[in-house]
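In what follows, chains carry the letters A, B, and so on, assigned in the order in which the sequence lines appear, proteins first and then strands, with residues in each chain numbered from 1.
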Amino acid sequence: MIDTVKNAEATPDQEQPYKELGLKDDEYARIKEILRRRPTDAELAMYSVMWSEHCSYKSSKVHLKYFGDTTTDEMRSKMLAGIGENAGVVDIGDGWAVTFKVESHNHPSYVEPYQGAATGVGGIVRDILAMGARPLAVMDPLRFGRPDADDTKRVLPGIVAGVGGYGNCLGLPNIGGEVVFDESYQGNPLVNALCVGAMRTEDLHLAHASGTGNKVILYGARTGLDGIGGVSVLASETFDDTAGKRKKLPSVQVGDPFTEKVLIECSLELFEKGVVVGIQDLGGAGLSCATSELASAGDGGMHVWLDRVPLRATGMTPAEILSSESQERMCAVVEPANVEAFMEVCAKWDVIATEIGEVTEGDRLVITYHDEVVVDVPPRTVAHEGPVYNRPIQRPADQDELQANTPDSLPRPDDLLALIKTMAASPNLASKKWVTQQYDRYVRGGTVLAQPSDGGMIRIDEETGRGVALSTDCNGRYTKLDPYEGAKLALAEAYRNVSATGATPIAVTNCLNFGSPEDPAVMWQFEQAVKGLADGCAELGIPVTGGNVSFYNQTGSTAILPTPVVGVLGVIDDVRRRIPTGIGAEAGETLLLLGE
Amino acid sequence: MRVGVVTFPGTLDDVDAQRAVKYADGEAVPLWHGDHDLKGVDAVIVPGGFSYGDYLRCGAIARFAPVMQEVIEAANKGMPVLGICNGFQILAEAHLLPGALTRNHKLHFVCRDQWLKVENTNTAWTTRYDLGAEILVPLKSGEGGYQADEDTLKELEDEQRVVFRYVGENPNGSRNNIAGITNARGNVVGLMPHPEHAIDALTGPTDDGLGMFLSLLDTVVNA
Amino acid sequence: MARVVVDVMPKPEILDPQGQAVANALPRLGFEGITAVRQGKHFELEVADDVDDATLAKIAETFLANPVIEDWTVRRVEA
Amino acid sequence: MARVVVDVMPKPEILDPQGQAVANALPRLGFEGITAVRQGKHFELEVADDVDDATLAKIAETFLANPVIEDWTVRRVEA
Ligand SMILES: Nc1ncnc2c1ncn2[C@@H]1O[C@H](COP(=O)(O)OP(=O)(O)O)[C@@H](O)[C@H]1O
């Protein structure tokens, strides 16, 4: 039987599996307080995914605030959208706006390397698309365990093939990334994916649902059972009735890059026709996230008819429909007068589009399933007012010892040539061609610099030659030694790499990969890294426009090296003036060493 | 010169093919997979990408598209048609060119700058090259291994219908290092590497690919 | 020597873009009446007689299929 | 409704790098006695009862397989 709001009111004491869904006692109590009753199954599913660490940033929020506090108006002057939006947007001149962001897909890529990496690329591309921009290029900072470990042999080929398979098939050039090996990533590889896109400044679309009577349209792929619980680990018992005996639900999503490619072209045509008020991608937490975020950012309420959602599996419950992470879906808010035009564009691209809801007066998100109310909540409490934790912070006891152990104690090599050879052959320094050769760097014809260049560069405007350069960097070992300086170093490296292409750095994004926030030592690393990055940005005068936090990266109780991947974006007036990597082609050129 | 550039859902290099046509002073005319006419173009390019996702077999679904029926008919009447990468796969599936393209022998997608030897300068698309010239253009494909039975290979070789051959290490296991071929009449050419990505040294390894589009200009003007 | 066939299919609850692409194309090609298509892999192995069923199952489970997203079957087709 | 299985295999004379990769990997994984492997595709179609064998053959021949490089078989597995 479907658990309705009426039923929830009538059965206040019914036990609910909130713990299995990842909610703490006090979090569950707070939900009851907000609703003044127990949540329905569907509401519980929504709150549990949206209040998960991944979606709510509950452990990181208090620290991330520091980015805002340290960003001056001057740093903000080129920022058209920043932290709080799907992705940051900066003005690069000539009427062009560029948006870029990095996301992690670490855990899914460990479970199913190919699909995990592929859907990681798919997810970040939809984030960029949701800003109204055409996605133009991707990058992939990766971390693996020891190259000769069995687990690395299992995950590495699949992850690389997945990044390539999805990006190549989408037609997005891969213009850079990282491949770093370190024992600490064994059992927890890092798959970060960056996407950059561009639009005319006037075409910026922010995700919100405003205007009573406006329609909420879900378009793209059908909704299936895949990926349920990817975010909050939905225990399978929850939705398993003994009679139905559904198999343990997979938390693996399978990507369909072709559908995404069509979704991109279709969305861009929708933007161009001006038939969209607000738009939101569906990623982790699926419809729970899209509906509550759209409603929360708007100025009214929203009614969603869940039974209208096109399904791929039979017998899905409202909770399952809400938490499915099926890929390649988007949600748009459309004025009634434009619905027909919207549907025409979708039909042209053979994209399924369904009116699933409406913006309403008032301030509630109401979801019905065959005329029964299954969700009735204040959307802000789901999307933006989740729990916030000030977790204990403790500088690790062995930090001093770690720092005291300097390279001074290492033996000096006497055979420099042998040393250089050893270094050149070491996996972290050796050519990454095996990886980059599997990525299309030419598609779209705008790639000016890609591997092996320090930074990637793409042309944005074919007439003027205006373009952007990007680099992502992080040295986890430095960061472990000193998280504050390590994060600054990552920033400085990415900044230098972008400068070295001839572009001027203007904005920063990040993907902060750390161990468990429940470990005070990890929280200390995190806090220090955020401070270092923010202070570094203030010194350089460029703002952090967005980012992503990935916690719980650990094997057993051992955390990965703290890995704050920093992405820097630079602008160049004319890509023809780029500076390629490498020493000149002619003999007799002068080599200069700059800096101290 | 008006050159149609076909777009299927999943086509990726159509923008590049259009740009290449413009670099050769032609007018690029977009053709949609559902179109039932060729809008009076002088030639057609079937560009690269993953038409309809290419999930079944590269080009297997695209060759049935309405626009392809028009392309097949026009090609059989002598219109210049160029298939690049996925376009080559589609032309092979449509039997405009013999043989088939299969999974790269090392099973990985390969993106690299590839030297090619020009072995036929009599096709509609290769008159601007010198016979035996070596050109450098990007190759980027996962299923670029050219396969055909012995009789077909012999026929292709005997009739000098191999247009481009890979130089150096064979990147994908193609029989006889074949990178591109033509039909008996010389108006239809298919190749796996991407000349449209080598029209400007800024964004490609060279501008060696431009010759194909300029050749077409000659062909159309002289027709 | 025996011939062994291993079929590997995407699990029913997992998205199968390949099968879907085929299913969508068939009506366009004029073939009606095919309501669903799923696409998987088909392996034919030449196997020495002393390879037992347990080993074959292990090969299928650990190597030919990815049990996270795929089901598999093994059958011997010739003695 | 009937279930129809179509198996598509690379022709014997055509290079099958995928099958070969599997065959080469098996001994490394400790599985001995597999002397040859070929890899193809396996389709499962749900088919209306009025779809006859000739139509199924046509679907296999013109669409699911590329006869230049592949062989195919069709069989009905359920009534
Ligand atoms: N490390 C970070 N630094 C700066 N901003 C961050 C960071 N992590 C997350 N954010 C910002 O927090 C906001 C919430 O992220 P959101 O896009 O909802 O997350 P997700 O896409 O992972 O669901 C975004 O604007 C994002 O840019």
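Once rounded to the nearest 0.5 Å, the distance linking CG of C:Asn24 with OH of B:Tyr55 reads 11.5 Å. Between atom NE2 of residue B:His33 and atom CZ of residue C:Arg28 there is a gap of 7.5 Å, rounded to the nearest 0.5 Å. In this structure, the separation between CD1 on B:Ile61 and CG on C:Leu29 is 7.5 Å, given to the nearest 0.5 Å. Between the CD atom in C:Gln18 and the CG atom in B:Leu56 there is a gap of 8.5 Å [rounded to 0.5 Å].
Other residues, nucleotides and ligands contribute over 12 non-hydrogen atoms within 6.0 Å of the NZ atom of B:Lys39.
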